[in-house]
Q: 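Here you go, one structure.
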Amino acid sequence: MALLIIAVLPGCKSRTDSAHTQKVRIEKKDKKFTLYRNGKPFEIRGASGYSHFKTLKNCGGNTVRIWDTTGLQTILDSAVANDIAVVVGLPVRHSEDLAFYNDPEKVKKQYLAFSRLINRHKHNPAILMWCVGNELTFPVKFSYQPFYQAFNNLTDMIHRDDPNHPVTTTILNFNQKYIANMMLRCDIDLISFNIFGKLPQLRQDLEDFSWFWDGPYMLLEWGINGPWPGTEQTAWSAYLEDTSWKKAEIYRERYQRDMPLKDPRFLGASVFFWGNKQETTDTWFSLFDENGAASEVVGTMEYLWKGKMPATHYPDISFMLLDEKGGSDNIMLDPREVVSARIVMPESSGDFDKIQWKVCKEDWYKQNNENSTRRLPALPNVVVSEEGLQATVTAPAEEGPYRLFATVYADNGTYATCNTPFYVVGK
C-alpha cells in the first residue's frame, strides 16, 4: 500500500514530433510543470480504488488509480459516465520473480496479453495514463537483466501503440537507487512512488535529490499509517487502529501540512482507499463500508478538494473501552469471561441510527508476507446484549487474539468505526 508519486524523467526520448497532438502530456514553463488532458490543464484530485465514482465526482475528485485490469471495460464506462480520469495499472510480474523472467515463453505471453489490452482500450476517453506494475524493485545486479528487457519491451510497445498516454511505474517510498536505475536502464515517462508514513519527509527527499532528478511528480496513493512496523502494537503484535474520527483528522493534517501543494513540480494526489477492503481489518483503510456508506474521511476529502465544509454530517467516535480499558492496555480475558464494552461519542456527533457490534478473530494469516484480503466472519453468540453506546461481550472459549468492532450508522448514509484488540488466555 502506498502512495504514488509521478515524475517526468529528464533525458527521456520524445514520443512524438509534436507533444501538442497528445491527449495527455506534461509541459514545463518557467520551472512549473503542468499536466494537460485534451489540451486543458488538469490538476489531479484523485482516489485509489475501483468504485463510488459518482461520490468522488460530487466531492470534487476527478481521477482514480486502479491496480489491475479486472473488469476494466466496466470501470472505464463508469469513469466516462462520471467524467473521471483513470490511471490504469498493468499487473506485471514482480521484478523479483526471476524464474518467470528467465522463461521466454512466459514473458512473451505476458507481453502479448498487455499488447492486446492496450490496443483494445487506448482510445477510451477515460484513460489518463498506464502504470506498468506496482511497487517494483529496480536492482543493479546483472541477474535482473531479463526483467529489465521484458519491462522495456512492454513500455516500448505502449509508447509505439499508444503515444497519447504517458507510461509510469511505481516503487515503494522515495528510493534514490531505484530512481537512478530507472533513468539509466528504462525508458518511461514518469516515476511513481507509494508513500504513507514517510510523507512528512517527502519535500526534503525531493530537494536532496534534485541535483540528479528534478522532474514533476504526483501522489496517487497517500493516507494514514498502515498495519505495519512503526504502528503501535499490543504485547501480542496486534496493531492498534484509530477511530474513523481520528483518521479523518490525520488525513486533513497530512494534506494541509505535508502535501507539497505549492511545489511547481507537483501535479496532484490520490487518496487511499476509495472503497472497502480487508487489510488486517475491513475498516483500516476503507473509506466506505461494504454496502456503500461513507466514512468521515470522505467528507474530509470533499472539504480539502472544494475548500468548504460538506453539507453532509458524519458521526464521530472518540474512543472505545473494553472492560474499562483501551487497546494500548493489553486487554487479557479469561475464556467465556463476561465484560462490558462502550464507546464514547462527542455531543457534537449528533443522532445516530444504529450501532453494530461484532467480534472477529485477529487476522494473522499472511501469504508471501502480504496481508490477507479474506474478510473475517463475526463470531456467533459473543455479543450477548446491546443498549445505547454499550454492549455486553462474552470472551470466546478458544485461546487466542481477537478484536471487538463497533460501527455507528447515521440515517443519512454515513458511518463511524472503532475497534479494540484483546487476547483470551487459556487456563
Side-chain angles (χ1 to χ4, degrees), residues 1-4 44-91 117 121 124-131 134 170 192 194 196 218-224 226 244 247-248 251 255 268-306 310 312 314 356 370-376 405 407 409-410 412-417:
M1 264 113 337
L3 187 71
L4 196 63
I44 291 175
R45 299 187 300 277
S48 294
Y50 300 91
S51 59
H52 305 291
F53 291 0
K54 182 177 181 180
T55 302
L56 178 63
K57 184 66 176 180
N58 291 340
C59 288
N62 60 16
T63 304
V64 296
R65 181 262 176 132
I66 60 176
W67 293 264
D68 57 46
T69 57
T70 303
L72 179 58
Q73 186 61 59
T74 299
I75 291 172
L76 293 175
D77 290 345
S78 181
V80 170
N82 291 281
D83 193 22
I84 296 293
V86 182
V87 178
V88 180
L90 305 179
L117 183 136
H121 295 287
N124 192 290
I127 293 175
L128 186 68
M129 60 185 72
W130 304 99
C131 183
N134 182 52
T170 73
S192 305
N194 288 355
F196 282 78
M218 70 179 183
L219 283 57
L220 288 183
E221 228 180 281
W222 69 276
I224 58 173
S244 55
K247 292 175 187 176
Y251 277 95
Y255 188 90
S270 292
V271 65
F272 186 89
F273 174 77
W274 198 262
N276 182 268
K277 72 190 301 288
Q278 171 76 27
E279 188 162 343
T280 298
T281 72
D282 62 353
T283 57
W284 198 295
F285 289 111
S286 301
L287 304 192
F288 298 82
D289 78 349
E290 63 272 20
N291 297 313
S295 74
E296 188 171 355
V297 178
V298 175
T300 297
M301 294 313 304
E302 180 178 353
Y303 164 70
L304 294 172
W305 284 329
K306 289 186 172 181
T312 303
Y314 296 82
Q356 182 182 83
E370 295 183 358
N371 282 283
S372 171
T373 58
R374 302 180 307 171
R375 187 176 299 278
L376 300 177
F405 294 81
T407 305
Y409 288 95
N412 64 352
T414 63
Y415 75 110
T417 64

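Starting from 1, each residue takes its place in the sequence as its number.
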Q: Could you pull out the closest heavy-atom pair between Cys131 and Thr170, with the gap in Å?
A: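 Result for this residue pair: SG-CG2, 3.4 Å.
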Q: What's the verdict on side chain to side chain contact (heavy atoms under 4.5 Å, CB included) for Thr283 and Ser244, showing C-alpha distance, side-chain angles and the deciding distance?
A: CA-CA 9 Å; Thr283 57; Ser244 55; over 6 Å; no
Q: Might you point out which heavy atoms bring Lys306 and Asn58 nearest each other, and give the distance in Å?
A: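 Smallest interatomic distance, heavy atoms only, reads NZ-O, 2.6 Å.
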Q: Any non-hydrogen side-chain atom of Leu128 less than 4.5 Å from a side-chain atom of Ile44?
A: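 Yes, close enough: below the 4.5 Å cut-off.
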Q: Describe, in one word, how the ring planes of Phe272 and Phe196 are oriented to each other, choosing from parallel (under 30°), tilted (30 to 60°) and perpendicular (over 60°).
A: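 If you compare the ring of Phe272 with that of Phe196, the planes turn out perpendicular.
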Q: With a 4.5 Å limit on heavy-atom distance, are the side chains of Lys57 and Ile84 in contact?
A: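 The answer is yes, as the side chains (C-beta and beyond) meet within the 4.5 Å cut-off.
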Q: Minimum heavy-atom separation for Phe53 to Ile75, with atom names?
A: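 Heavy-atom minimum between the residues: CE2-O, 3.5 Å.
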Q: Could you measure the distance from the CG atom of Leu72 to the CG atom of Leu90? Nearest 0.5 Å is fine.
A: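 Going from CG on Leu72 over to CG on Leu90, the span is 9.0 Å.
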Q: Quick one: do Thr414 and Thr312 satisfy side chain to side chain contact (heavy atoms under 4.5 Å, CB included)? Show the steps, please.
A: CA-CA 8 Å; Thr414 63; Thr312 303; 3.6 Å; yes
Q: First locate atom CE of Met301, then atom CG of Leu287, and finally report the distance between them rounded to the nearest 0.5 Å.
A: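 If I round to the nearest 0.5 Å, the distance is 8.5 Å.
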Q: Measure the shortest side-chain to side-chain distance between Leu56 and Val64 over non-hydrogen atoms and say whether it is less than 4.5 angstrom.
A: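 The answer is yes, as the side chains (C-beta and beyond) meet within the 4.5 Å cut-off.
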Q: Under 4.5 Å between any side-chain heavy atoms of Val298 and Tyr314, yes or no?
A: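 They are in contact (side-chain heavy atoms under 4.5 Å apart), so the answer is yes.
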Q: Report yes or no: does Tyr251 contribute a side-chain atom to a donor-acceptor pair with the main-chain N or O of Trp222 at less than 3.5 Å?
A: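 Such a contact is absent between Tyr251 side chain and Trp222 backbone.
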Q: Show the numbers, then the answer: is there a side chain to side chain contact (heavy atoms under 4.5 Å, CB included) between Phe405 and Thr281?
A: CA-CA 10 Å; Phe405 294 81; Thr281 72; 3.9 Å; yes
Q: If we ignore hydrogens and angles and just use 3.5 Å, is the side chain of Lys54 paired with the main-chain N or O of Ser78 as donor and acceptor?
A: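 It does not hold such a pair.
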Q: Identify the two heavy atoms, one from Ala248 and one from Glu296, that lie closest to each other, and give their separation to 0.1 Å.
A: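 Nearest heavy atoms, Ala248 then Glu296: CB-CG, 3.9 Å.
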Q: Indicate the atoms forming the closest heavy-atom contact of Tyr303 with Pro310, along with that distance.
A: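 Looking at all heavy atoms of both residues, the shortest contact is CB-CD, 4.2 Å.
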Q: Atom CG in Asp282, atom CG in Leu376: separation rounded to 0.5 Å?
A: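 If we round to the nearest 0.5 Å, Asp282:CG and Leu376:CG are 8.0 Å apart.
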Q: Side-chain contact test, heavy atoms from C-beta onward, threshold under 4.5 Å: evaluate it for Leu117 versus Trp130 and give yes or no.
A: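 Yes, close enough: below the 4.5 Å cut-off.
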Q: Is there side-chain contact between Asp83 and Asn62, with at least one heavy-atom pair below 4.5 Å?
A: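 Of all side-chain heavy-atom pairs linking Asn62 with Asp83, none is under 4.5 Å.
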Q: Which atoms form the tightest heavy-atom contact between Val86 and Ala79, and what is the distance?
A: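 Closest pair (atom of Val86, atom of Ala79, distance): CG2-CB, 3.5 Å.
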Q: Backbone N or O of His52 within a donor-acceptor pair of the Trp274 side chain at under 3.5 Å?
A: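 Yes.
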Q: For Arg65, does its backbone N or O pair with a side-chain atom of Ser48 as donor and acceptor, under 3.5 Å?
A: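 Flag not set: sc Ser48 to bb Arg65 has no pair under 3.5 Å.
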Q: If we ignore hydrogens and angles and just use 3.5 Å, is the side chain of Lys247 paired with the main-chain N or O of Trp284 as donor and acceptor?
A: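 Yes.
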Q: Is there a donor-acceptor pair under 3.5 Å between the side chain of Asn276 and the backbone N or O of Ser286?
A: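 Pair absent, no side-chain N/O of Asn276 close to backbone of Ser286.
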Q: Tell me whether the centres of the aromatic rings in Tyr50 and Trp67 are closer together than 6.0 Å.
A: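 Yes; Trp67 has its ring centre under 6.0 Å from that of Tyr50.
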Q: To the nearest 0.5 Å, what is the distance between CD on Glu302 and OG1 on Thr55?
A: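 Answer rounded to 0.5 Å: 10.0 Å.
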